[in-house]
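What follows is a short report on a single structure.
Atom set for the values below is all heavy atoms of this structure, side chains included, hydrogens, waters and symmetry mates excluded. Quick caveat: nothing in here was measured; it's all calculated off a predicted structure. Whatever order the structure lists ligands and atoms in, that order sets their numbers, starting from 1.
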Amino acid sequence: MFHHLSWWYKLFNKNFNGGHESILGGIVIHCLLIVFGGTGDLAHRKIYPAIYNLYVSGHLPERFAMVAIGRRDKTEEAFRGEAADAIRRYTRENRGTQEDINKIVSRFFYRRADFTEYDGYEELKEYMNILDDKFQTGGNRVFYLAVAPEHFGTIVSNLARCGLTSQENGFKRVVIEKPFGKDLRSAVELNNIITSVFREDQIYRIDHFLGKEMLQNIMVIRFANALFEPLWNNKYIDHIQITSSETVGVESRGGYYETAGAMRDMMQNHMLQLLMLTAMEAPVSLDTHAIRDEKVKVLKAIAPMDPVKASRNVVRGQYGEGIIYGRRVPAYRSEHRVSPESDTETYMAMKLEVENFRWAGVPFYLRTGKRMPAKTTKIVIQFLPLPGILYYKEFNKLEPNRLIIEIQPREGVIIRFNGKKPGTKSQIIPVELDFCQNCAVGEVSPDAYEKLLLDVMNGDSTLFTRWDEVEYSWKLMDGISEVWSRQKPAFPNYAAGTWGPAEADELLQRDGRRWFND
Ligand code: BG6
């Protein structure tokens, strides 16, 4: 059906990467990408725009094609039209042209298949061989599971049964979206299935936060600056706050969110990743294993959540109706596909202690929630006060020094310190040094999915979650779920458009602190 046509490449490869070092990292390897759930929300919002942006910026391998697998019957033409619409709608900036969109979607193919039926995999295998031949992808394949978690095991087992995971002819890698399980037990079960088919180095458990520019920058800020590293411990730091707040509600994802809640959707993965990067020791090298080894040690140093701690140090919330940006929005319980009596949390805050030499005595406060007044992800490091001898004695209202790492939407670093108010005799005011890396016009960082997709193609799993990170994160969360399962929450307990339930403020007030909402 297809032919090897060298002119075809010449015509279409204007923007493709022919195998040189990419500025996003690594040598780009030719491959076929197979997206299970290819007609779904994630594929349209994130994966296709990411492929397009990689193409426009010259990072996509020259010999590349993508097959979307979906349950619906549709022609290739219809699928390509939808993918092109999604790219136009969700691409991170107005880049490229209609011609570029047409070129990239001409590499997109569609196959209808039921994930649970084995026959479909046999057909798929033949189809992939044809595409391998046409695009000279050398048998290199990336299987991207952008489907509901209950399908992960079935798909992986069927791929193996059909011989699609053999590495004899080209590499085979699997990308698994979160949530990886819903508790430790289910995560272990899932992992057993996946590792019976793929080796750990073939498995890419995605946590898209790790692909964000500023998350990668945390290690650089910490370990490339004499200014910060010597102060990064319990001798100088009072406490650390990690916040990821969103103004959106659950949108069209009520069905999924009801089974997840803020704990499984954000805390177990994205928030703990932020914590690990903030608290880890310097790795011995920038090697994938060295970094992951240090990250997981942070989780190991957190004392398990016994029932007393889980009741005292963890707060959950659910939004009622309220006002966001001047617009009235409904309560969570009135959202589409959400039970009117739902006990699912849309907000979670907790206090953790990392019990090692660096951090003993320094609380980490983490919070995440939907329908909050602002979309922001940031890490606030608050330093201890100096001895109250000179200014502190006289000006006991001095603001503490703070270092703020802004992850999104603003990407930057702010240092807040005290200075003399010009022209006054002795008034001290907070001042700040502000570095913003995405404020200049036209500065848009690559989307996390671009970096992560490219890393999978390059075989670099540093920015993906290793099994033991998943394991320890669930151990921590399971202690909390156990306590929650025994107590019925008094939901809703915060109005949409506010910073969460009063108990979350009390969590810090008890320690003589407050959330940093500026
Ligand atoms: C996803 C969650 O992993 O992260 C969503 O499932 C959440 O509920 C999203 O909205 C937030 O990601 P970002 O990149 O928009 O901050």
Can you tell me which residue and heavy atom of the protein come closest to [atom], and the distance to 0.1 Å?
atom: atom 12 (O) of ligand 1; value: His208 NE2, 3.1 Å
atom: atom 14 (O) of ligand 1; value: Lys212 NZ, 2.5 Å
atom: atom 8 (O) of ligand 1; value: Asp265 OD2, 2.6 Å
atom: atom 15 (O) of ligand 1; value: Lys375 NZ, 2.9 Å
atom: atom 7 (C) of ligand 1; value: Glu246 OE1, 3.5 Å
atom: atom 16 (O) of ligand 1; value: Gln408 NE2, 2.6 Å

Problem - Proximal candidate to atom 3 (O) of ligand 1 [heavy atom criterion; set Lys370, His270, Lys46] - result: His270
Exercise for the section: For Phe209, counting its heavy atoms only, list the atoms of ligand 1 lying under 4.0 Å from any of them. Expected result: 12 (O), 16 (O)
Practice task
Run the ring-centre check on His208 versus Tyr449 and record whether the distance is less than 6.0 Å.
Solution key: yes
Handout entry: Aromatic centroids of Phe364 and Trp359 separated by under 6.0 Å
Key = yes
Exercise for the section: Give a yes or no answer on whether the side chain of Arg416 reaches the backbone of Glu432 with a donor-acceptor pair at less than 3.5 Å. Expected result: no
Problem - Ionic contact status for Glu471 with Arg466, cut-off 4.0 Å - result: no
Exercise for the section: Ignoring hydrogens and angles, state whether a donor on the side chain of Gln202 or Lys172 is under 3.5 Å from an acceptor on the partner side chain. Expected result: no
Exercise for the section: Would you check if there is a donor-acceptor pair between the side chains of Tyr256 and Asp265 at a distance under 3.5 Å? Expected result: yes
Problem - Which segment of Tyr257 sits under 4.0 Å of ligand 1 when only heavy atoms are counted - result: neither
Handout entry: Short N or O distance, Thr377 and ligand 1, threshold 3.5 Å exclusive
Key = no
Exercise for the section: Answer whether the closest heavy-atom distance between the side chains of Lys46 and Asp447 falls below 4.5 Å. Expected result: yes
